[in-house]
Amino acid sequence: MSRQAFVTRFAPSPTGYLHRGHAFSALTAHEAARAAHGRFLLRIEDIDTARRRPEFIAAIAEDLAWLGLDWETPVRVQSEHFADYAAALASLQARGLVYRCFKTRAAVAKEIGRAPHGPASPYVGAPLQPDEEARLISQGLPYAWRLSLAAAERALGGLGALAFVEEGEGPVALDPARIGDPILARKDLGVAYHLAVVVDDAAQGVTHVIRGEDLREAAHVQRLLQALLVLPTPAYRHHPLILRPDGKRFAKRDAGETLRDLRAHGVTPQALRRDLGF
Ligand code: GLU
């Protein structure tokens, strides 16, 4: 495989210190890149500028270097690319593929709870009538931008032809029930996770998205966005999550399990790597 043929990334959000789960994910991607003679990139997903903290960004590099990983520079930092995300959103707006959503989280949660398919299905809404929308805008109410799944299906002539490859499993057809009308721009940020990830994976030439099982559903939304924005489609590999001894997921607030805590307690990177199966 040529050097360009395999590009993967580790994309943490700097809202806390990295823990064992992050170490496993970063090592999995790094190891895959090494095995394929490919490239390993780091991306700092800090669009949530209220929650990101500079010390967490610095700690990511420190912790990954301690683990023995290396990555290409410059590192892509999402907060430096708001203009790219705005351009992608503008292209969707121009084609009538997104609509303003003024609803609060609580209102959306309530509607999902009442939906015929039950609370597991994502929210599907609809644009407001123009006069109602104008009234809310004139009141200065904040709004998010949601992708309209119905408009996307019309624009693409259906979703039937869309799939992504889950490595080790094969092609996975897009499932509209996992997509709904996702938020592409949060009320407070002007962008949201899915849009930033899709724009960045393309900008960085990522060919293989390697990340935790918890983001498997996200691939359905992201594949749809790639089709709408005419971006290349990477292959996906969603790895099992490393769980705490009690079977729960690691959370950023779990004291004692961050990589810096482990380090402070004398755990060596070799021991941790072994422990994680590397
Ligand atoms: N920033 C996301 C996280 O910390 C990962 C995004 C991705 O890998 O697509 O969970």
Side-chain angles (χ1 to χ4, degrees), residues 6-33 38-53 55-61 63-64 67 69 71-72 75-82 84-85 88 164-167 172 178-179 182-184 186 189 191-226 229 231-243 248-254 257-259:
F6 190 106
V7 182
T8 191
R9 68 349 180 243
F10 176 58
S13 307
T15 54
Y17 290 117
L18 300 185
H19 52 63
R20 269 173 197 276
H22 292 111
F24 181 75
S25 202
L27 282 164
T28 302
H30 192 268
E31 181 53 31
R39 300 165 55 201
F40 173 77
L41 310 178
L42 175 63
R43 179 164 80 224
I44 303 297
E45 301 217 319
D46 64 341
I47 51 171
D48 194 339
T49 47
R51 287 178 66 220
R52 76 153 176 220
R53 298 229 309 257
E55 62 268 35
F56 294 142
I57 298 181
I60 287 169
D63 292 346
L64 294 180
L67 258 186
L69 303 192
W71 55 90
E72 292 183 14
V75 168
R76 188 166 171 102
V77 178
Q78 288 192 324
S79 60
E80 294 168 3
H81 297 279
F82 282 115
D84 297 353
Y85 313 135
F164 60 89
V165 170
E166 178 69 33
E167 288 200 327
V172 178
R178 289 163 202 245
I179 297 175
I183 290 185
L184 299 189
R186 281 169 45 172
L189 300 177
V191 62
Y193 162 69
H194 292 299
L195 186 62
V197 162
V198 162
V199 168
D200 284 354
D201 282 337
Q204 294 189 285
V206 170
T207 60
H208 289 74
V209 171
I210 300 175
R211 62 186 178 193
E213 183 61 36
D214 54 332
L215 289 169
R216 185 181 274 255
E217 306 276 293
H220 292 258
V221 176
Q222 292 172 13
R223 176 68 188 91
L224 177 56
L225 286 176
Q226 287 150 10
L229 294 167
L231 298 173
T233 307
Y236 290 85
R237 192 185 302 174
H238 292 99
H239 60 69
L241 297 182
I242 292 288
L243 300 175
K248 297 220 174 79
R249 280 195 207 172
F250 281 108
K252 297 214 160 124
R253 61 188 172 278
D254 281 339
E257 288 294 348
T258 65
L259 300 189

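For ligands, and for the atoms within them, numbers begin at 1 and follow the listed sequence. No hydrogens, no waters, no symmetry mates; every other heavy atom, side chains included, goes into these values. As the structure is a prediction and not an experimental result, all values here were calculated from the model.
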Margin query: Applying ring pair (Phe, Tyr, Trp, His ring centres under 6.0 Å), can you list everything that pairs with H238, at least two apart in sequence or on another chain?
Written below: Y236
Check: Just wondering, do L42 and P12 contact through their side chains at under 4.5 Å, heavy atoms?
Finding: yes
Check: Between the main-chain N or O of F24 and the side-chain N or O of T28, is there a donor-acceptor pair closer than 3.5 Å?
Finding: yes
Check: Is there side-chain contact between H22 and I60, with at least one heavy-atom pair below 4.5 Å?
Finding: no
Note to self: Between ligand 1 and S13, is the shortest N or O to N or O distance under 3.5 Å?
What the structure shows: yes
Notebook entry, point to check: Y193 near ligand 1, heavy-atom distance under 4.0 Å?
Noted result: yes
Check: Of the listed options (G21, A11, S25), which comes nearest to atom 2 (C) of ligand 1 when hydrogens are ignored and any heavy atom counts?
Finding: A11
Checklist line | Proximity of L215 to ligand 1 by residue part, where a heavy atom lies under 4.0 Å | finding: side chain
Note to self: In the structure I gave you, are the side-chain heavy atoms of Q222 and P234 within less than 4.5 Å of one another anywhere?
What the structure shows: no
Check: Is there any N or O on P12 that sits under 3.5 Å from an N or O of ligand 1?
Finding: no
Checklist line | F40: partners by ring pair (Phe, Tyr, Trp, His ring centres under 6.0 Å), with sequence neighbours left out | finding: H30
Item checked: Atoms in ligand 1 with a heavy atom of R211 nearer than 4.0 Å -> 7 (C), 8 (O), 9 (O)
Check: So, is R9 polar-close to ligand 1, with some N/O to N/O distance under 3.5 Å?
Finding: yes
